[in-house]
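Heavy-atom basis, side chains included; hydrogens, waters and symmetry copies ignored.
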Amino acid sequence: MTSQATQAELESLLHQALRNTRTAARWTAATDETWCRVAARSGTGRDQGWKLHLSATAATAPTVLAKALDVLLRDESPFKFARSLDQVNALNSRATPRGSSGKFLTVYPRSDDDAVRLARELHAVTAGLAGPRILSDQPYAPHSLVHYRYGAFTGRQRLSDDGLLIWYIEDPDGNPVEDERSGRYCPPSWAVCPFPAAVPLPPAKGEAAGGQVLLGGRFTVREAIRHTNKGGVYRATDIDTGAPVIIKETRPHVEGDASGHDVRDWLRAEARTLEALRGTELAPDALGLFEHGHHLFLAQSEVPGVSLRTWVAEHFRDVGAKRYRADALAQVARLVDLVAAAHAHGCVLRDFTPGNVMVRPDGELRLIDLELATVDAASCLPTRVGTPGFSAPERLNDAPVSVTADYYSLGATACLVLAGKVPNLLPEEPPTRSDEERLAAWLSACAGPADLPDGVADMILGLMRDDPAERWDPSRAREALRRTEKARPAAPRHGSQGPAVRDEDRHDAVAGLVNHLIDSMTPADDRRLWPVSTTAGQTDPCTVQQGAAGPLAVLTRYFELTADPGLPELISTAGHWVADRTDTRSTRPGLHFGGRGTAWALYDAGRAIDDPALVEHALTLALAPQEPTLHQDITHGTAGSGMAALHLWHRTGDPRFAELAADAADRLTAAAQRGPSAVSWAVPAEAVTGETGKRYLGFAHGSAGIGCFILSTAVVTQRREHLELAVEVGEHLLHSAVLIGEAAQWPAQAADEPTAPYWCHGAAGIGTFLVRLWQVTGDDRFGDLARRSTRAVMERASRAPLSQCHGLAGNGDFLLDMSAATGEPAYRAMADEMGRLLLTEGARRHGHVVFPNEYADVSTSWSDGAAGILAFLLRLRHTDPRHWLVQVPG
């Protein structure tokens, strides 16, 4: 059934009910992509209170809605419901966050008395119908579809201490309090519950001696591994044998389909598959399948070790790129044998991924999470569920069960093991290139950074053919690996191994990105000027990180470089949209999340298009008092505000900005915390829970970014204490480096395990500071470590996302910094190689070029989207300075 049809089915129930209601004229209805919102014309709503949620499955949603409408249209409380069955399925998906799952229909009662009455009536009319438990709410009664929680009725948002927009309610004193939407019922302490005392739900778990949780009368739970919308996964002990076990839990109606099947049926199928594979040593043994409170549990023997995905990340980190390459080839050979063995026992896997393979301590592999696997294709449940990137395209369209889909998954898993990731090839519009062609281009670009052995790219491509009938089988893949093993080891590769990026390709990508930014701008939208990804949270719509300042700054730079006559009007529109929404009475601190970063973008835009009003607003915003903060870093704190002031001093010569920069450096000097061997700045106490007291080393949130600002200020102030503090930071980074082969890496905090070499926390950001410190001091220790940082960046290139914050764009900018600072062409060649790799993941869409972010979204933002990628590609074409940094003379 199409989305249009399912929307019509649910919305038609509303229109039919309104036609049959004498008071239909009292109601209004409006729809968006997700919801149908219904409100009484004369009704007045509350900002917050006790709200009601009703759950449903795709099979019961029409009935639940029809019965609910009989109740709600006799009342005057506003409500909304999911407008399509596709949306109902999305709400009940295993991947839906636990805090928002299951909420098919929401009622905003006008009073607490109305809330109690409506809950009682809705429970009565929907009793016995199926729907999942809503985890953020309290059920009105055991197994009721009606749930309640205290929360916001209207979309009131404010910025949190870490610069993210959060929903809020007010306490009795009028103070804003976050409206937390987690996977558990947790009302504010001051909110008096008006509902009758809840009848306790039957416990899903028993209790063993000593207060331990007992499942199935036999398994004592030691710890939870994870909780998802689907249910929990637990480590437990079999009290009969003392053996460690894994217990998987599935909740009713999650992933429920129109026939009534849900994830509990998947778990039953997994139990059958494990029984069929018993004794083969390919998978765990099933120990028990039992039900309690309608939740289904499967106990199985625990496979010691780590998942293959974890092995790839940790082994690469621990042994270095050179040793990893040999170990990775051996691991791929084991994967080929594992799939072949499963097929030999009649098992089609249907969801073969790096997360569903365990690497035992002895190196042997085992299959886990076989929920979608089958040993009986005839009884296999239809499903479109799979793992994007690893599931064959036809599998996600519910094609008949076939081993050829497993061949595709084997190729994708081998790709992750050998190259570090599987590229996210977004659909193109129109589709002028096949996925196979695009994957081949990406693998070719990986040849240098990943040092792929000859022949393995052909093997991956052979396994992942678009046509299932043409895919290689495991025996052919095994033969390709044998030829690779017999070949003479290749010399380590340095520099690009494929054809250089053609100027026209780079030009087309830049033009496509610019077109995307131009055409996606929506000045009539009061909330967002450009669309951004909100998976990691929403920020102020005007800031650098994920707001309008990022795209505005890059389009301004593009205009300065090209004099494109079509851009001044657009830059003016964007600049004034931002100016109209920025308060010059006070600003938040920081560069990427704060007001002065926005002022930086506005000033440069105003200068570029000769707009005095925009320039004046930018300067007023930059000079506005800043809200108090204990944050010291570049993104949120004092160092970022100081960097923006320093830039504006260079641009204007206004001594007030020099004073602001010097004051910021002085405050950072006073706040520096010196231990026996290090200087650092701790995350303040009001920061996000779990971050307080951490002492980060990286550029975004730690010492490298702070040191870079202080160094830049020292060049201006010529004050010895500023330069000495910058050198102290450099010394601490020298001692915190982890050297693996030729590469220098860093942990997020000293003494932790090394982290990925990105701008935010790792080698690219730290190297950005160290090369500047080397330029100023001439100390070759800093220069040598910056050079070794480039090795970490290049070794991880094929594994990296594409963005500025965590990926190729930010890493490429660091390589261009190295080229400019040292004059060595090798770093420019590395940056070109980074650009080539990045371009292969671009998707063409009607004259636009778009790139996926880490969450497979398309975003325009600086941190994780088009603006940051465009900035790097422009630097590859032009010798212009890096965004958001002040040039330090050598």
Side-chain angles (χ1 to χ4, degrees), residues 10 13-14 17 20-21 27 35-40 43 45-46 48-82 88 91-92 98-151 153 181 183-187 191-204 229 251-254 256 260 262 293-295:
L10 293 180
L13 293 173
L14 172 65
N20 297 337
T21 303
W27 294 95
W35 303 106
C36 182
R37 303 173 191 274
V38 187
R46 298 188 290 173
Q48 63 189 58
W50 291 94
K51 64 173 70 173
L52 306 178
H53 288 116
L54 275 72
S55 67
T57 68
T60 64
T63 304
V64 171
L65 178 60
K67 290 180 176 294
L69 290 173
D70 286 342
V71 174
L72 295 173
L73 293 179
R74 289 186 273 108
D75 194 72
E76 292 188 352
S77 296
F79 61 95
K80 69 178 183 181
F81 59 88
V88 175
L91 288 168
N92 296 340
R98 286 160 57 86
S100 57
S101 65
K103 297 175 181 178
F104 164 57
L105 188 151
T106 305
V107 185
Y108 305 97
R110 295 170 301 160
S111 68
D112 287 358
D113 288 342
D114 286 343
V116 173
R117 175 178 53 81
L118 289 171
R120 181 175 62 250
E121 294 178 12
L122 290 167
H123 170 67
V125 299
T126 60
L129 294 173
R133 163 83 185 277
I134 297 175
L135 298 173
S136 65
D137 292 25
Q138 176 70 26
Y140 179 76
H143 313 305
S144 176
L145 298 191
V146 181
H147 302 70
Y148 57 81
R149 70 180 291 268
Y150 192 93
F153 283 16
R181 302 175 181 190
R184 63 188 181 93
Y185 176 64
C186 186
V192 178
C193 180
F195 298 94
V199 178
L201 292 172
N229 193 35
R251 299 198 304 120
H253 311 305
V254 174
D262 60 30
H294 300 293
H295 289 220

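Contacts of Ala82 classified as side-chain contact (heavy atoms from CB on, under 4.5 Å), with partners at least two apart in sequence or in another chain: Trp35, Gln87, Val88, Leu91, Phe104. The side-chain contact (heavy atoms from CB on, under 4.5 Å) check on Ala59 picks up Thr57, with sequence neighbours excluded. When the side-chain contact (heavy atoms from CB on, under 4.5 Å) test is applied to Val125, the partners found at least two apart in sequence or on another chain are Lys67, Val71. By the side chain to side chain donor-acceptor pair (under 3.5 Å) test, Gln48 pairs with Tyr150, Arg156, sequence neighbours left out. Under the salt bridge (Lys or Arg N to Asp or Glu O under 4.0 Å) criterion, Glu76 pairs with Arg26, Arg110, sequence neighbours left out. Residues meeting the salt bridge (Lys or Arg N to Asp or Glu O under 4.0 Å) test with Asp70, sequence neighbours left out: none. Taking Ser77 as the reference, Asp75 meet the side chain to side chain donor-acceptor pair (under 3.5 Å) condition, with sequence neighbours excluded. With sequence neighbours left out, Asp137 forms a side chain to side chain donor-acceptor pair (under 3.5 Å) with His53.
The shortest distance between side-chain heavy atoms of Phe81 and Val64 does not fall below 4.5 Å. Considering only heavy atoms from C-beta on, Val254 stays 4.5 Å or farther from Asn92 through its side chain. Cys36 has its side chain out of reach of Leu10: every pair of non-hydrogen atoms, C-beta onward, lies at least 4.5 Å apart. Within the 4.5 Å cutoff, the side chain of Pro78 has no heavy atoms near those of the Arg37 side chain. Counting heavy atoms from C-beta on, the side chains of Cys193 and Tyr148 come closer than 4.5 Å.
Ala115 and Phe195 make their closest contact through O-CE2, 3.6 Å (heavy atoms, listed as atom of the first residue, atom of the second, distance). When all heavy atoms of Ala130 and His253 are compared, the closest pair comes out as CB-CE1, 3.4 Å. Annotation for Trp27 and Leu73: closest pair NE1-O, 3.6 Å, computed over non-hydrogen atoms. Between Ala56 and Ala61, the shortest heavy-atom contact is CB-CA, 3.7 Å. Among all heavy-atom pairs drawn from Asp262 and Gly256, the shortest one is CB-CA, 3.9 Å. Shown here for Pro194 and Trp50, the closest heavy-atom pair between the two residues is CD-NE1, 3.5 Å.
Separation of atoms CD1 (Ile134) and OG (Ser101) is listed at 7.5 Å; rounding is to 0.5 Å. One finds the CG atom of Asn229 at 8.0 Å from the OG atom of Ser100 (value rounded to the nearest 0.5 Å). Taken from CD in Gln138 to CZ in Arg184, the straight-line distance is 13.0 Å, to the nearest 0.5 Å. For the atom pair CG (Leu122) and CG (Leu145), the distance works out to 10.0 Å, reported to the nearest 0.5 Å. In this structure, the separation between CG on Leu65 and OG1 on Thr126 is 12.0 Å, given to the nearest 0.5 Å.
Just one of Leu52, Leu69, Thr106 meets the side chain to side chain contact (heavy atoms under 4.5 Å, CB included) condition when paired with Phe79; it is Leu69.
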Report task. Give the C-alpha distance, both sets of side-chain angles, the deciding distance and a yes or no for side-chain contact (heavy atoms from CB on, under 4.5 Å) between Arg181 and Ser136. Result -> CA-CA 7 Å; Arg181 302 175 181 190; Ser136 65; 5.9 Å; no

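Looking only at distances, a side-chain donor or acceptor of Arg251 sits under 3.5 Å from a matching main-chain atom of Arg133. Side-chain atoms of Ser55 do not come within 3.5 Å of backbone N or O of Lys103 as any donor-acceptor pair.
Within the structure, ring-ring contact (aromatic ring centres under 6.0 Å, His included) pairs that include any residue of residues 106-133 comprise Tyr108-Phe153, His123-Tyr140 (at least two apart or interchain).
Residues Arg46 and Asp114 are not paired through a salt bridge, judged by the lack of any N-O separation under 4.0 Å between the basic side chain and the carboxylate.
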